[in-house]
Every structure is written in C-alpha cells, then in structure tokens.
S.K.: 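Here it is, the structure in full.
One-based numbering, in listed order, for ligands and for the atoms of each.
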Amino acid sequence: MDLKKLAVFLKENGVPAFRLKQVREAVYKNYAATWDEIPVLPAPLRDKLVREFRIHSLDTLETQVSKKGDAIKFCFEIKGGLKIESVLLNLMPEKWSLCLSTQAGCPVRCPFCATGRKGLKRNLSPDEITDQFLAAAHYLKTTRQQKISSVIFMGMGEPFLNYDSLAEAIRTITDAELIGLGQRHVSVSTAGHVPGIRRFAQDFPQCNLAISLHAVDDKLRSDLVPLNNTYPLSQLVKALKDYITTTKRRVFVEYVMLEGINNSRSMAPKLNSWLRSVAAPKYFTVNLITYNRTGGPYRAPARERVAIFAELLGNLGVEVTIRKSLGDDIAGACGQLAGK
Ligand code: SAH
Ligand code: SF4
C-alpha cells in the first residue's frame, strides 16, 4: 500500500490524522485487504476509499495449492498488465515462508531458470514487493488462521538489480510499526551481484544472505549464471570475505544440481576448496537444490546422486542440506516461476 499517497489523500479530504494510523494497523498488522475489513472507519469515509483508493498495488489473478497442501502459489497482476508470482512454503509445521519476487522477469537469464528465459520486463516498486506479502498474509489468515514467519527473496528476479525497492520493502517488512518481522527472518538470494552484496552487508547485517553459486570455475559459472561475466568469481570471493568480516554471519550457498554438468564427484572437493578460500567452513551452509524442470535441455540427477554429492561435501567438513522441493506440481518450485 502506498502510505504516503494515502496520507496526502486523507489530508486533502479533511480526515483527521489518527485515521491514517488506524488504516496502517489494519493493513500491516491485521492484513485487511479491503476497506470493508476496516470497520473502525466511518462508513462515508470507507465508501469514498472503496471508490477512490486501492489498498494493494496488485490484483490476485489465481491462487494454486499443491497436492500436498504445502505450497501455495499466487499469480498477481501488476500495473501494465504484467504478471508476477509468489509462493508460500510450509517448510515446518505451522511455519510458512514466503518466497517474494523483486522483478517481473529477470535480466540475468540463467539458462536453467524459467524466470530468466523471458528477460526483464521491469523492476517492481517497493509496494509491489510488500503487497505480495500483504496479499499472501491475508490469504493465510482468512483460510487457515496462520501467519507468515519468514520471507525469502527467491522468487522472480535478481533482488540486487532492484536494490532500492528491495531495501524499502525489507524496511517495511521489518519495521515494528508496520509488518514487524525480525531481520533474521528475512533472506535474500543473489546470483552474485557484488555491489549489492556490499550494500546489503552495510544496510542489513542481521538479514540472511544466500548466493547462487552453482559452479566454482569461471567458464562453467558464466554459462550457468551469466552475471558471472560482470562479477567473476575473484570478485565474488572478495565481496563474500568482506561480507563475513562485516556481519560475522553465515552465508547460504545455493547449488542447483544439473545432471552431468556440475554434479560430478570431482566437483565436491573443488567446491570445498573454493569455500575455504573465502572463509572457514562454519561460515557456510551449502544448500543443494535438485534441478526443477523448466522445459530447458537440463536434467535432474537421481536422488542418490544428490545424496552422494552431499555426503562428499559433508565428509570434507562442509555443512550441507538438500532443499526440499515443494510445489513443483503447481510450477511453484525454485526456478519455475514464470508469471505466464
Ligand atoms: N535471482 C536470485 C533469486 C531467485 S532464484 C538468484 O538467482 O539467486 C532462486 C534460486 O532458484 C536460485 O538459487 C536459482 O539458481 C535457483 N533456480 C533457478 N532455476 C532453477 C531450477 N530450474 N531448478 C532449481 N533451482 C533453480
Ligand atoms: Fe534471474 Fe535468479 Fe533466475 Fe538467474 S536464477 S535468471 S538470477 S531469477
């Protein structure tokens, strides 16, 4: 919601200032999505707002629930008729994580990712990012009486290529007067945008950082993550070293397992050495993500192959997790968000 615009609107209509606070609380704390859900407002004001002021900057076009009920995908329409998606993931009982988009499309164009395939349509505004949260929170509240406990910026787009909107959205999500999630419950995943990593360390040292690494030699990484042509591994190493020195925080390293491309046994010790060239193993958790089908030429490794890679890394002293893939039946898993 555009609070500044609402403040001006209310003032121009001679509405006392305390009404703004009432709306703010109803929308950001109780996730009201329509004016009718804010009964403290006098009826004539509500009627006027219904006609003249939108609460959310996006419309929910479709809500899909996975068969197991552990993933819920929202397709939203934003200004200009563009479509973006967000996914609620039920990773632990009663705990929902919301995967948010920061761009419509993505300019990085990783060849295994459905979002990248179409290139960038445009950056999202801060409200378009935050309102994905408000709409999803409204849905969870009204359908299941549950709440979102963490936010991951792993939806459509490269968050650090839309840094200012991302930063404003994180402020809204973590501001105690607004949504009020703890910074520790916010994670940002980047394809390795070095200036973004540096700003993020300064601005949000309590939030979590995830790096989509996928390969530790420049040739392969540039094929998989073309942003590597701009910020090669040597620069990424330095940025991560500085990030860890500044924040003292553990970095999550994402590694999408593409059969025959980056998952051979010999790559595990190389990954281990690369991580150690940045910092001690205690500063990393490697998250292995089995490739989710996106219609490209890639294949997912068999489950055992992922387990072997994890074991090899584990034996080298690296903390490893294998990411549970939720929502692939509704094209809501990592890399599958396309916004149609
Ligand atoms: N642009 C950011 C965040 C969004 S992508 C980034 O790239 O980090 C979120 C994660 O999904 C990234 O780690 C990305 O590499 C991964 N991903 C993309 N396509 C995938 C696919 N088809 N299967 C599995 N993971 C994928
Ligand atoms: Fe963009 Fe991330 Fe997809 Fe790469 S993986 S195209 S950076 S959204």
S.K.: Do any N or O atoms from the side chain of Arg276 and from the backbone of Pro281 form a donor-acceptor pair under 3.5 angstrom?
M.R.: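 No, the answer is negative, given that no donor and acceptor are paired below the 3.5 Å cut-off.
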
S.K.: State the atoms of ligand 2, each with its element, that fall below the 4.0 Å cut-off from a heavy-atom position in Ala191.
M.R.: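 Listed by number with element, the hits are 7 (S).
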
S.K.: With atoms numbered from 1 as shown, which atoms in ligand 2 lie under 4.0 angstrom from a non-hydrogen atom of Cys110?
M.R.: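 Close to Cys110: 4 (Fe), 5 (S), 6 (S), 7 (S).
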
S.K.: So, do Tyr163 and His193 have ring centers that fall under 6.0 Å from each other?
M.R.: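 Centroid distance Tyr163-His193: not below 6.0 Å, so no.
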
S.K.: For atom 3 (Fe) of ligand 2, what is the nearest protein heavy atom, given as residue, atom name and distance?
M.R.: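 The closest heavy atom on the protein side is Cys113 SG, 2.3 Å.
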
S.K.: What atoms in ligand 2 come closer than 4.0 Å to a heavy atom of Gly116?
M.R.: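 Here the atoms of ligand 2 in question are 6 (S).
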
S.K.: Can you check which of Glu254, His214, Met154 brings a heavy atom nearest to atom 14 (C) of ligand 1?
M.R.: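 It is His214 that holds the nearest heavy atom.
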
S.K.: For ligand 1, which atoms have a heavy atom of Gly155 less than 4.0 angstrom away?
M.R.: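 Every atom of ligand 1 under 4.0 Å from some heavy atom of Gly155: 4 (C).
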
S.K.: Nearest to atom 23 (N) of ligand 1, what protein heavy atom do you find, and at what distance?
M.R.: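 For atom 23 (N) of ligand 1, the nearest protein heavy atom is Asn292 N, 2.9 Å.
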
S.K.: Number the atoms of ligand 2 from 1 as they appear, then name those within less than 4.0 Å of a heavy atom of Gly157, with their elements.
M.R.: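 It comes down to these atoms of ligand 2: 8 (S).
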
S.K.: Measure the spacing between OG of Ser149 and CH2 of Trp96 and express it to the nearest 0.5 Å.
M.R.: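 Spacing of OG (Ser149) from CH2 (Trp96) equals 10.5 Å.
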
S.K.: So, does Ser212 sit close enough to ligand 2 that a heavy atom of it is under 4.0 Å from the ligand?
M.R.: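 No, Ser212 has no heavy atom closer than 4.0 Å to ligand 2.
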
S.K.: For Leu337, is there any backbone N or O sitting under 3.5 Å from a side-chain donor or acceptor partner on Thr115?
M.R.: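 Side chain of Thr115 to backbone of Leu337, a donor-acceptor pair under 3.5 Å: yes, one is there.
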
S.K.: So does Cys106 have any N/O/S atom less than 2.8 Å away from atom 3 (Fe) of ligand 2?
M.R.: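 So Cys106 does not count as coordinating atom 3 (Fe) of ligand 2.
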
S.K.: Would you check if the side chain of Glu85 reaches a backbone N or O of Gly332 as a donor-acceptor pair within less than 3.5 Å?
M.R.: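 Between the backbone of Gly332 and the side chain of Glu85 there is no qualifying donor-acceptor contact (under 3.5 Å).
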
S.K.: For ligand 1, which atoms have a heavy atom of Ala191 less than 4.0 angstrom away?
M.R.: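 Heavy-atom distances to Ala191 below 4.0 Å select 6 (C), 7 (O), 8 (O).
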
S.K.: Under a 4.0 angstrom heavy-atom cut-off, which atoms of ligand 1 come close to Thr190?
M.R.: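 Those qualifying, in numeric order: 6 (C), 8 (O).
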
S.K.: Can you sort out which atoms of ligand 1 are near Thr294, meaning under 4.0 Å from one of its heavy atoms?
M.R.: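 It comes down to these atoms of ligand 1: 22 (N).
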
S.K.: Please find out if less than 6.0 Å separates the ring center of Phe112 from that of Tyr291.
M.R.: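 Aromatic pair excluded; centres sit 6.0 Å or further apart.
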
S.K.: Which word best sums up how the rings of Phe160 and Phe200 line up, parallel for under 30°, tilted for 30 to 60°, or perpendicular for over 60°?
M.R.: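 Plane angle between 30° and 60°, so tilted.
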
S.K.: With nothing but distance in play, are any N or O atoms of Ser212 less than 3.5 Å from an N or O of ligand 1?
M.R.: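 In this structure, Ser212 places an N or O atom under 3.5 Å from an N or O of ligand 1.
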
S.K.: Quick one: are Ile55 and Glu37 in side-chain contact, heavy atoms under 4.5 Å?
M.R.: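 In short, these two side chains do not touch, never coming nearer than 4.5 Å.
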
S.K.: If we ignore hydrogens and angles and just use 3.5 Å, is the side chain of Glu168 paired with the main-chain N or O of Ser165 as donor and acceptor?
M.R.: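 Checking the backbone N and O of Ser165 against the side chain of Glu168, no donor-acceptor pair under 3.5 Å is found.
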
S.K.: With a 4.0 Å heavy-atom cut-off (strictly under), which part of Arg109 contacts ligand 2: side chain, backbone, both or neither?
M.R.: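 Looking at Arg109 and ligand 2, just backbone atoms fall under 4.0 Å.
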
S.K.: Going by the atom numbers of ligand 1, which of them fall below 4.0 Å from some non-hydrogen atom of Tyr291?
M.R.: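 Here the atoms of ligand 1 in question are 21 (C), 22 (N), 23 (N), 24 (C).
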
S.K.: Could you tell me whether some N/O pair between Gly157 and ligand 1 is separated by less than 3.5 angstrom?
M.R.: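 Yes; at least one N/O pair falls below 3.5 Å.
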
S.K.: For ligand 1, which atoms, with element, lie under 4.0 Å from some heavy atom of Val256?
M.R.: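 Taking each heavy atom of Val256 in turn, ligand 1 has 23 (N), 24 (C), 25 (N) under 4.0 Å.
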
S.K.: Scan side-chain atoms only and decide if Gln202 and Arg199 contain a donor-acceptor pair under the 3.5 Å cut-off.
M.R.: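 Distance-only check fails for Gln202 and Arg199.
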
S.K.: Taking Lys141 for its side chain and Asn30 for its backbone only, find out whether a donor-acceptor pair lies under 3.5 Å.
M.R.: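 Looks like yes, one N/O pair under 3.5 Å.
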
S.K.: Taking atom CZ of Arg299 as the centre, does the number of heavy atoms from other residues, nucleotides or ligands within less than 6.0 Å exceed 12?
M.R.: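 No.
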
S.K.: Out of Cys110, Pro159, Gly296, Gly335, who gets a non-hydrogen atom closest to atom 20 (C) of ligand 1?
M.R.: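 Residue with the shortest heavy-atom distance to the ligand atom: Gly335.
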
S.K.: Among protein heavy atoms, which lies nearest atom 26 (C) of ligand 1, and at what distance?
M.R.: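 The closest heavy atom on the protein side is Cys334 O, 3.7 Å.
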
S.K.: Tell me the protein heavy atom at minimum distance from atom 3 (C) of ligand 1, and give that distance in Å.
M.R.: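 Nearest protein contact, heavy atoms only, for atom 3 (C) of ligand 1 is Ser189 O, 3.5 Å.
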
S.K.: Working to the nearest 0.5 Å, report the span between CG of Asn162 and CG of Asn123.
M.R.: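 Interatomic distance, Asn162 CG to Asn123 CG, rounded to 0.5 Å: 3.5 Å.
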
